[in-house]
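Below is one structure, written out as C-alpha cells; the observations come after it.
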Amino acid sequence: MQHAWRKLVMSHKETIGVLLTDILTGPLGVSADQLEDPAGWIEEPKDKKMGDLAFPCFRLARVLRKKPNLIAADIMEHLEARVAETAGITGVNAVGPYLNFTLDRAALAADLIPAVLDGSFLARRPDKGEKVMIEYSQPNTHKAFHVGHTRNVALGASLAHIFEWNGFEVVPVNYIGDEGAHIAKCLWYYRTYFDGNIPDTNLGEFLGELYTQATLKLDFNLLTRCPMPKVSVARVAEIADFPDNPKLKIVQVDTGEKTVQVVCGGTGYKQGDKVAYAHIGSRVNGRQVGEISKNGVPSKGMILSELEMGLSDDKMQLKIFPDDAPVGLPVAEYMRTDALPADVSVLEEMERRNHGVAETLKLLEARDPEVYALFEKTKKWSMDEFHAIYDWLGAPFEHYFFESDVGGEGKKKVLEYLEKGVLVKSEGAVGADLSEFNLPFLLLLKSNGSGLYSTKDIALAHEKFDRFGVDRSIYVVDVGQSLHFQQVFATLLKMGYQRAKKCYHLAYGIVMLPGEEPGAPPRKMSSRDGTVILFSELRRQLVETVTAVHLEESYRGVWSDEEIREAAEVVAKSTINYGMLNQDNGKDIVFDMEAWTSASGNTGPYMLYAYARTRNILAKLGDFDRNSADWSLLTHETEQDLVATMEKFHKVAERAAREYRPQVICLYLFDLCKSFSSFYNHCSVLRAETPELQATRALLVDAVGRVIKKGLDLLGIETLERI
RNA sequence: GCGCCAGUAGCUCAGCUGGAUAGAGCAUCGGCCUUCUAAGCCGACGGUCCGGGGUUCGAAUCCCUGCUGGCGUACCA
C-alpha cells in the first residue's frame, strides 16, 4: 500500500518545480535546456522558521547574468499569484537569494498523523530482498568484558534493528575468540599460582582478573629494569677511530669471557667504562641482533644506549654502569628489582614463566585431558557471562562463530592457494603479496606453520557467504583493524572470491576515560593499571546512581520497590546505549561515569522522559472523541515543528542504514524530543481551549510518542510508560 | 619512513553529497512549578571552524601544503 503522506511530500517538490519552470521559461526567458530540473535544486531551509522548502537562485545567476537576490525578486513577481491558487502550498516569500515556500501543514498532519496511529507509517519497510550479516561483539573468552566492549555491542545491535526495519533480512552474528595465547596465559596462571576460592558469581570477570594477573607475572619489567636475556655488563677495553666516519668508533669490548669488536655510533663513554653489551642472537626492542659489517669492518653485537634500554630519550648516550658493576653479569640481574627473593635468578624465573605458558599452550592444542577440561569449563564461565550481558543490553545474535572452529579450514585454504600460486612463501612463512592493491604483505601462516587471526578470517568470510547465503557482510570492529580488514578483503579478492566486494568493515573508535585532572587529555583503559571499568561495575554504578539521583526521593513509597528497580535498569541501559551511539562512529568516545549518569541534555534518559510524558498525558486524559480532531487547529509553532519532524523519520532511518550510522537516529530523536518538550511547556492538552483542539493535540501527542518509541527501538533502547 | 583518521565555544560534540547570521548539550549567569512529570522549558554569555595557499558567485565542508594529536605498519588477537 502506498502511503499518502509520502506522495504528498514528493509532490510538493514537483509542483514547485513545475511552477518555477513555467515562470523561468516563460516571462523570464530562460531556455529549457539551460534549466535542467529546478525541482532537484529544492532544499530544506536550515532554520525551520524560514519555511518548509527553499529554492536557491544562485545557479540561475550565471544563466541570467543577474544577482541571485534580484532573480528571486523577479520570480516572486510572477510566482505569488500562482502559489495562491496551488493546493498544498500556503505561501512563498523571497529572502535574499532564496525563495522560501510554506506548505499546507494541516494537509500534511491530516495524512501523517493517522498513518502513524494506524501503524502503517512506522511499519517495517517493504522487503528489499537483500540478506545482510552483521558480525559484532567478538569478545575473547577468559578476558574481562568492559565498557569499551559495550560500544561495539550497542553499534552492532542497533545496526541490526535499523537494517531490519529498512527491509533487509538481517543475520546478527558473534565471533568468539576462544583460542590463542591469552587463554594459555589465563589457565597457566590459574594452575600455577591461584590458590584462593572460586567465586559464586561473575565467573567471567574472575577469569579476566586471572588473565590480568597473568600478564603482570609476564611483565618482566616488574622483575628487572632490563628484561633482556643475553645482555650483560662489559668493559670498554679499547676505542679506535672508524675510517672516514668521525661519528663511529671501533670498540673492543671485554665481555668477561672474551674480547669482541663492536662498531659503535653512541657517545658519552671512555675507555674502562662499564656498558651494557647485547650478544649476537639477543633481542633488543624486538629486533634480533646479528653480526654485521660496516664498510667492511665487522661488528659483533651492540652496546646499548639509554633509549634502547628504555631509561631515557637519549639515543646517543650509552648506558654507563658504576665502576663496581661486575663484568659478565647479566644486566637483567644487575638491574633487578626486589620483586623476587635474592637467591632466585631473574633470567631463570623469566625463562620458567615463559616456558610455563608455552607448555600450557601445547597441552591445550594437544587436547590434554586435564587442561582441555579446564578450558571447556572456564570457557563456559565466560560464555554464560556474555549471554547474560547480551540479554541485559538487548543484543540479538542468531549464530555464534568460534575461532576454534575456523582455524583448520583457514589453514587448508591458505595451503590450497599457496599450491595454486596465488599466495607466496616469504621468509619461511606464507602470505599474500598485495602490492597490486597498494597494500602491505599479509601474513597468513607463521614460519612454524601455525595460523593467525587473518587465516581464520579467510575461512570465516567463506563460511558466512557459503553457509548462510548472505549478500552482504558487515564487520563491526574497532578502527585499529582497518588495515587488517583491507588486507583480508584484498586477499579474498586475489583468491578469486568476488563476494569480498560485499564485505564492509565498520570501524569505530575506542572508548577512553577522562583525564585524571581537569584539562588533562583522555587516557586509555588498561586492565593492568586497573583503570578498566568492568561491565558489572558499570551496570551497578549506573543503576545505583540513577536510583539515588532520580528515583529515590520522588518515587520511594509511591512505586513498588520492584518498579523502581526495573525503571532504574531501563534508564541505565538507555544511558549506556544512547551514549555509545550518539557519537561519530570513527571517533573515540570519552566515557565519564559522572557526566553520563547526570543524565540531562542530549542523553538516553531525556528521550525516555519525553516518551513517558506523552504516555502520561494520554493516561490522564482518558477517553476522548477522536473524530473531533481538526488538523487545521495545529497552528502553534511547536505543533507544526512536531509534524514536520515526524515526517522525516523514514528519510532518517534510511540514511542511518545507508551510512551505517545509528547516530543519525540519535540526532533525529533529540530534535524530535526537544520539539516535544517545548510543545509540552507551551501547549497544554488537558487544558486545551476547546474539545476539538484537545482531541487534535492528543492525537498529535500519541503519534509523537510512537515515533519516539520506534526510534529508540531502532537504537535498541526500551521505553518506560512512566518515569 | 609510509599509510589511515582527526583538529569547530571553557569542556563533550553536531554540521548530510559546498549555500542564508556556524548549531546543540554540559558548565556559568538570569527567569519559569497552586494549572498534563522541573530528568523539563525560556533567555544570556561564549567561536580567527588548527595555520597558509587554491578551486568557486559562494568553503567548516572540496584540492594542495604545513603544524599538532591518535592509530596502524608480517610471525599477538
Side-chain angles (χ1 to χ4, degrees), chain A residues 43 45-47 50 54 56 58-59 61-62 67-69 95-98 100 138 140 143 177 179-182 403 426-432 438-448 450-454 456 478-484 486-487 507 509-510 512 514 518-519 521-522 524 546 549-551 554 571 582-584 586-590 592 595 598-603 605-606 608-610 612-621 651-652 655 658-659 661 663-664 666-667 670-671 673-674 676-688 697-698 701 722-723:
Chain A
E43 54 193 47
K46 232 174 185 173
D47 191 337
M50 297 189 278
F58 300 104
R59 294 190 213 194
R62 189 177 295 172
K67 287 185 179 172
N69 49 344
V95 182
Y98 285 89
N100 292 334
Q138 311 102 337
N140 281 328
K143 278 193 185 176
E179 199 174 66
H182 70 279
E403 274 189 28
S426 164
E427 296 173 31
V430 180
N438 224 345
L439 288 169
F441 189 83
L442 175 65
L443 191 69
L444 287 161
L445 282 184
K446 297 202 251 179
S447 41
N448 68 8
S450 58
L452 294 116
Y453 190 43
S454 50
K456 295 168 192 165
D478 78 273
V479 68
Q481 310 294 324
S482 292
L483 179 59
H484 167 80
Q486 277 183 53
Q487 289 176 303
I510 58 170
M512 313 269 283
K524 282 188 191 172
V546 165
V549 175
H550 300 298
L551 296 170
S554 322
V571 173
N582 188 26
Q583 189 115 199
D584 188 73
K587 287 185 182 171
D588 292 345
I589 284 184
V590 176
D592 183 338
S598 73
S600 66
N602 191 355
T603 62
Y606 181 83
L608 292 191
Y609 188 66
R613 279 175 144 182
T614 68
R615 305 307 301 160
N616 187 55
I617 290 172
L618 294 170
K620 285 255 163 78
L621 181 61
K651 219 175 73 183
V652 167
R655 186 177 157 211
R658 179 162 34 87
E659 299 179 0
R661 282 178 63 200
Q663 188 196 13
V664 304
C666 294
L667 296 169
F670 183 52
D671 194 32
C673 290
K674 229 170 26 167
F676 177 73
S677 291
S678 190
F679 162 82
Y680 187 94
N681 276 269
H682 288 101
C683 307
S684 179
V685 176
L686 297 191
R687 298 186 310 112
R697 282 182 177 166
V701 166
R722 50 176 192 165
I723 336 181

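Chain identifiers are assigned alphabetically (A, B, ...) following the order of the sequence lines, protein sequences preceding nucleic acid strands; residue numbering begins at 1 within each chain.
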Residues in side-chain contact (heavy atoms from CB on, under 4.5 Å) with [X], at least two apart?
X: A:Pro45; answer: A:Met50, A:Ala54
X: A:Val95; answer: A:Asn93, A:Asn100
X: A:Leu621; answer: A:Phe624, A:Val685, A:Leu686, A:Gln694, A:Ala698

Qualifying residues under side-chain hydrogen bond (donor to acceptor under 3.5 Å, both in side chains), relative to [X], sequence neighbours excluded:
X: A:Gln487; result: none
X: A:Asn448; result: A:Ser450
X: A:Arg615; result: A:Glu721
X: A:Gln583; result: none

Short N/O separations, protein against nucleotides 23-32 of chain B, under 3.5 angstrom:
from	atom 1	to	atom 2	distance (Å)
B:C26	OP1	A:Ser600	OG	3.4

List, with names and distances, any nitrogen or oxygen atoms from the protein found under 3.5 Å away from nitrogen or oxygen atoms belonging to nucleotides 54-58 of chain B.
from	atom 1	to	atom 2	distance (Å)
B:C57	OP1	A:Arg62	NH2	3.2

Please tabulate the protein-to-nucleotide N/O contacts below 3.5 Å involving nucleotides 69-73 of chain B, giving atom names and distances.
from	atom 1	to	atom 2	distance (Å)
B:C71	OP1	A:Lys524	NZ	2.5

Sugar-phosphate, base or nothing in reach of A:Glu427, heavy atoms under 4.0 Å: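 Touches a base.
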A:Phe58: ring-ring contact (aromatic ring centres under 6.0 Å, His included) partners, not counting sequence neighbours: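 In terms of ring-ring contact (aromatic ring centres under 6.0 Å, His included), with neighbours along the sequence ignored, A:Phe58 is linked to A:Tyr98.
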Test ring-ring contact (aromatic ring centres under 6.0 Å, His included) applied to A:Tyr453 - qualifying residues, sequence neighbours left out: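 Listed in chain order: A:His484.
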Verify stack between A:His550 ring and B:A39 base, 5.5 Å, 30 degrees: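 The base of B:A39 is stacked with A:His550 (centres under 5.5 Å, planes under 30°).
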Under-4.0 Å side-chain N/O to phosphate OP1/OP2 contact, A:Arg661 with B:C16: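 Checking B:C16 against A:Arg661, no side-chain N or O comes under 4.0 Å of OP1 or OP2.
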